[in-house]
Amino acid sequence: MSTMNNTTIDTRTAEFRLPLDDETNWLYEQRKQAWETYSSLPLPDRVKHLWRYTDPRVFVPTEDFDSAVITGSLEGDLPAEATDAGVQLIELEEAAESHADLLQQHLGSLVGPDFDTFEAFNFAAARLGWVLIIPDNAEFEAPIHLRRSTNGGLFATRLLVIAGKNAEVSIVDEYNGESGVHGQINSVVEVIAHDAARVKIATTVDLPDNQTLFLTQRNKIGRDVDLQSTGLSLNAGIAKINWSTLLAGRGASSRWSGLLLGDKEQHFDMHTRHQHTSGESFSDLLYKVALRDNSMSAYTGLIAIDEHAAVCEAYQENRNLLLSETAHVESIPELEIVNDDVKCSHGVTVGPLEEEQLFYFESRGIHRDEAMRIILAGYYEAVLERLPKGYVETGREALLNKLMGDSRHGG
Amino acid sequence: MSNKVPLLEIKDLHVTVEGVEVLKGVSLTLNRGEKHAIMGPNGSGKSSMANAIAGHPAYEITSGSVKIDGEDLLEMDATERALAGLFLAFQYPMAVPGVSVTAFMRSAMKARHGDSAETLRQFRKDLNAAFELLEMKKEFAERFVNDGFSGGEKKRFEILQMAMLKPKVAILDETDSGLDIDALKIVSKGVNAIAGDENTALMVTHYQRILNYVQPDYVHVLMDGKIVQSGGPELAHKLEDLGYDWLKEEAVAA
Ligand SMILES: Nc1ncnc2c1ncn2[C@@H]1O[C@H](COP(=O)(O)OP(=O)(O)O)[C@@H](O)[C@H]1O
Ligand SMILES: [Mg+2]
């Protein structure tokens with residue numbers, strides 16, 4: 001293992017500032033514009049389908065953020081193999097200076113300031129974040145591990161990933177936080193994968209019950225790219241995630257596998273979108289949800305296949321287990337397919353744990369609670385086994401902790 | 001002989017499923033060291049009896065009593081019944097995707113013997129031995145429980161569990177159905193190796209096929225929720241030759 005030689009960017013915090021006159025770099029103008037956009041846009045309309053299930057006001061800064069100090073922490077581990085392969089993990093502010101051309105080209109190219117209200121806020125306010133640059137043909141197995149958390153208040157953060165041609169990379173992008181700290185995270189992730197890149201990204205949300213997450217992620221993948229994404233929604237008060245991949249090259253392939261284990265009053269609103277603009281592209285999506293107590297999951301999943309994208313395959317499956325009478329699920333598959341020459345399927349199931357399965361365990365002397373945990377862990381296995389190598393055990397353990405009910409977030 | 005030790009005593013058992021009475025007063029005693037067979041046409045209530053005794057929530061026991069090794073079985077929930085030494089080999093075992101055979105067996109063994117390093121060593125040994133007994137390939141250990149198993153594999157896995165759990169009272173529900181002759185021989189060998197002087201087994205079947213390989217001491221015939229005839233192994237052969245119709249006629253005549 002290469003852990004000994006990791007480059008760790010220290011945990012550190014920065015204050016949020018509005019775009020100030022003394023900012024000299026090129027980003028200043030763009031941030032100022034984004035700020036104006038944000039200030040002029042109304043809150044998202046709840047009639048719009050993506051906001052039907054979640055009140056946008058929960059993502060507005062709780063304090064008057066003109067004056068609020070907004071801080072967060074970043075922690076990034078770059079394995080030695082990655083450094084050797086020429087990978088660069090650069091903090092946003094530094095990259096704006098050192099890689100101005102690259103950022104001017106790509107930062108905001110997928111999620112720009114005019115995307116929507118909270119994305120505009122993010123563009124203006126995000127000071128802490130990274131640019132991750134993977135050179136053409138770089139190849140390594142150990143995941144690049146990124147952790148972000150709020151220190152209280154609203155934390156706006158961004159990540160831009162640029163994977164070069166034929167590069168192979170694994171990334172773990174974690175949002176976590178200490179219980180007791182109230183806070184909001186607003187994050188934007190943009191991933192640009194050039195031809196034939198192979199990219200694995202695990203996104204883990206493990207926030208205390210009194211924190212919210214607003215995350216918009218856009219991936220754009222080129223010819224023959226293989227993108228494998230996993231999403232572990234383990235804990236948060238309210239999380240709204242808008243995830244989308246644009247399959248923009250022939251032979252591109254995107255697979256998203258996600259799980260959610262909600263409990264208490266938790267509220268998860270997930271939107272996924274696979275947009276095929278190129279022919280002979282493949283997408284697959286599996287979202288496995290289980291809900292306890294009064295928790296809620298809203299899922300809207302869109303498959304869009306453009307007119308000129310022939311011979312595509314697109315699959316989408318959302319399974320939901322209701323573990324209590326008061327848990328609530330909404331699941332809405334959406335298809336916009338303007339091409340006849342495609343294979344496509346989608347499915348949704350909602351139901352309780354099978355009594356027959358539980359009885360099978362009980363008849364072997366296994367107590368009901370333990371049986372439920374084992375069955376649920378098995379239910380999630382199809383997602384866990386798709387985590388990047390080097391993160392499978394960590395992910396599985398985090399899930400088991402939540403299943404055991406001794407999550408770090410108490411309550 | 002007066003030194004009979006009753007391991008399972010069923011008295012006047014009545015069972016209702018979905019509002020319909022399917023067992024209408026069954027009494028049966030299984031003593032230590034005995035093998036019994038319950039035969040009967042489809043729909044006569046054999047599985048209902050097995051499931052009700054194991055504690056399946058869909059089968060409501062409306063009256064009667066069941067004791068396991070002297071203790072009141074009906075006071076216990078399904079888990080407690082299993083821990084008290086009851087085992088049911090299911091007619092249709094459930095698939096549990098994502099849970100390996102090893103993980104499943106380990107948790108069943110942990111429930112009995114705890115989680116020490118010593119029990120883990122013993123578990124590995126016992127599991128290997130059970131795999132050999134039932135002539136199952138080692139790869140099976142990592143497959144998901146009953147997920148994509150053939151009919152014969154499911155039945156073998158049920159008997160493998162019985163070998164591991166060493167029950168006092170084993171009820172085998174149609175363990176022979178769907179087995180080809182080779183699989184039947186392997187399963188029977190397993191049952192013979194496990195069911196001995198210390199425990200008792202009740203084989204539920206509507207063919208007498210398995211009884212050629214696992215010799216019962218007693219044979220009972222269940223029809224329409226009642227035991228209508230009991231006898232020795234010769235009763236099974238008579239049923240094979242004559243079917244169940246003569247019993248129906250007798251029942252009507254009586
Ligand atoms: N889970 C169940 N739900 C509804 N009816 C059942 C159920 N189990 C058994 N029955 C009914 O009870 C009767 C006895 O069935 P069963 O015990 O399965 O018979 P056997 O095992 O002898 O073939 C049948 O009429 C059957 O349809
Ligand atoms: Mg039956």
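Worth saying up front: this structure is predicted, and the values here are computed from it rather than measured. Chain letters run A, B, ... following the sequence lines, proteins first and then strands; every chain starts at 1.
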Any side-chain heavy-atom pair from Gln357(A) and Pro97(B) closer than 4.5 angstrom?
yes
Which heavy atom of Ala82(B) sits nearest to which heavy atom of Gly365(A), and what is that distance?
CB-N, 3.3 Å
Over all heavy atoms of both residues, which pair between Ile375(A) and Val99(B) is shortest? Give the atoms and the distance, please.
CA-CG2, 4.5 Å
Looking at [X], I want to see if its [atom1] is surrounded by more than 12 non-hydrogen atoms of other residues, nucleotides or ligands under 6.0 Å.
X: Glu71(B); atom1: CD; result: no
X: Lys389(A); atom1: NZ; result: no
X: Lys110(B); atom1: NZ; result: yes
X: Glu153(B); atom1: CD; result: yes

Under the side chain to side chain donor-acceptor pair (under 3.5 Å) rule, what do His56(B) and Glu355(A) come out as? Steps first, then yes or no, please.
CA-CA 9 Å; His56(B) 191 298; Glu355(A) 205 46 59; over 6 Å; no
Going through the distances and angles, do Arg106(B) and Ile374(A) end up as a side chain to side chain contact (heavy atoms under 4.5 Å, CB included)?
CA-CA 11 Å; Arg106(B) 180 70 188 133; Ile374(A) 297 171; over 6 Å; no
Under 4.5 Å, counting heavy-atom pairs only, tell me which of Glu381(A), Glu362(A), Arg364(A) racks up the most with chain B.
Arg364(A)
Quick check on [X] against chain A: is it the side chain, the backbone, both or neither that has a heavy atom closer than 4.5 Å?
X: Arg112(B); answer: side chain
X: Ala95(B); answer: backbone
X: Asn146(B); answer: side chain

With chain A as the partner, which of [options] has the greatest number of non-hydrogen pairs under 4.5 Å?
options: Arg81(B), Gln161(B), Met164(B); answer: Gln161(B)
options: Ala78(B), Ser100(B), Ala111(B), Ala84(B); answer: Ala78(B)
options: Ser107(B), Ala103(B), Pro93(B); answer: Ser107(B)

What do you reckon, are the aromatic ring centroids of Phe359(A) and Tyr59(B) less than 6.0 Å apart?
no
In Å and rounded to the nearest 0.5 Å, what is the OG to CG distance from Ser363(A) to Asn51(B)?
9.5 Å
Quick check for you: to the nearest 0.5 Å, what is the distance between Met94(B) atom CE and Phe361(A) atom CZ?
10.0 Å
Keeping the roles fixed (side chain from Thr79(B), backbone from Ile366(A)), state whether a donor-acceptor pair exists under 3.5 Å.
yes
